[in-house]
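Shown next, in structure tokens, is the structure this report addresses.
Worth saying up front: this structure is predicted, and the values here are computed from it rather than measured.
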Amino acid sequence: MKSQKVTTRQRRHLRVRAKVKGTETKPRLSVFRSLNNNYAQLVDDSKGKVICAASDLKIKKGTKMERAKEVGITLGKLAMEKGIAECVFDRGGFKYHGRIQKIAEGARESGLKF
């Protein structure tokens with residue numbers, strides 16, 4: 001059985017997803033944070049394809065916040081290599097705070113606009 005915390009986040013995520021759509025020229029930057037790791041990916045919702053993705057599974061050093069920023073920077077560099085300069089941000093039902101905010105800041109640092 002899922003905890004109430006998880007189900008309320010999923011409801012918030014559905015509300016966010018109802019408003020945020022990614023296209024080929026302006027994909028959706030979807031983020032997820034688990035207890036130990038951070039994940040981010042650029043998604044083209046019109047085709048249902050992931051354009052590029054990054055996570056901190058292989059990054060061993062630093063705090064969770066530092067690793068989250070590193071994920072954002074990595075994803076931004078991958079997006080720039082593929083010629084994507086703009087995206088829409090999907091916070092995944094999480095508050096725009098802490099690790100989610102650091103992923104966004106890292107992506108902005110590497111050149112992504114949203």
If you round to the nearest 0.5 Å, how far is NZ of Lys77 from CD of Glu109? 9.5 Å

Got a second to check how far Met80's CE is from Lys82's NZ, nearest 0.5 Å? 14.0 Å

If you look at every heavy atom in Ala104 and Phe114, which pair is closest and at what distance? O-CZ, 3.6 Å

Output for pair (Lys102 NZ, His97 NE2), nearest 0.5 Å, gives 10.5 Å

Between the side chains of Asp45 and Lys21, is the shortest nitrogen-to-carboxylate-oxygen separation below 4.0 Å, so that they form an ion pair? no

How many angstroms lie between CG in Asp44 and CD1 in Ile84, if you round to the nearest 0.5 Å? 8.5 Å

Under a 3.5 Å distance rule, please check whether Arg67 uses its side chain to pair with a backbone N or O of Arg99 as donor and acceptor. no

Closest non-hydrogen contact found for Gly76 with Ser110 is CA-OG, 3.0 Å

My understanding is that only residues two or more places apart in sequence, or in another chain, count here; which of them pass side-chain contact (heavy atoms from CB on, under 4.5 Å) with Glu86? Lys26, Lys113

Those residues that, when tested against Lys95, pass side chain to side chain donor-acceptor pair (under 3.5 Å) (two or more places apart): none

Group every Ile, Leu, Val, Met, Phe, Trp and Tyr by side-chain heavy-atom contacts under 4.5 Å, then state whether Leu42 and Leu57 land in the same group. yes

Taking only residues at least two apart or on different chains, which pairs with a member in residues 18-49 satisfy ring-ring contact (aromatic ring centres under 6.0 Å, His included)? Phe32-Phe94

Salt bridge Glu105-Arg108, side-chain N to carboxylate O under 4.0 Å: no

Mind checking the CG-NZ spacing from Asp56 to Lys69? Nearest 0.5 Å is all I need. 15.0 Å

Please verify the inter-ring angle class for Phe89 with Tyr96; under 30° counts as parallel, over 60° as perpendicular, anything in between as tilted. perpendicular

Quick check: is Ile51 connected to Leu112 through a chain of hydrophobic side chains (ILVMFWY, heavy atoms under 4.5 Å apart)? yes

Keeping to residues at least two apart or across chains, list the ring-ring contact (aromatic ring centres under 6.0 Å, His included) pairs with something in residues 4-27. none

Would you call Arg33 and Ile100 a side-chain contact if the rule is heavy atoms closer than 4.5 Å? yes

State which residues pass side chain to side chain donor-acceptor pair (under 3.5 Å) with Lys47; sequence neighbours excluded, sorted by chain then number. Glu24

Identify, with sequence neighbours excluded, every residue that meets side-chain contact (heavy atoms from CB on, under 4.5 Å) alongside Ala40. Leu29, Val31, Val71, Leu75, Ile103

To the nearest 0.5 Å, tell me how far Glu70 CD sits from Lys58 NZ. 14.5 Å

Considering the options Arg28, Gln41, Lys19, which one meets the side-chain hydrogen bond (donor to acceptor under 3.5 Å, both in side chains) requirement together with Asp90? Arg28

Please tell me whether Asn36 and Ser34 have a donor and an acceptor in their side chains that are separated by less than 3.5 angstrom. no

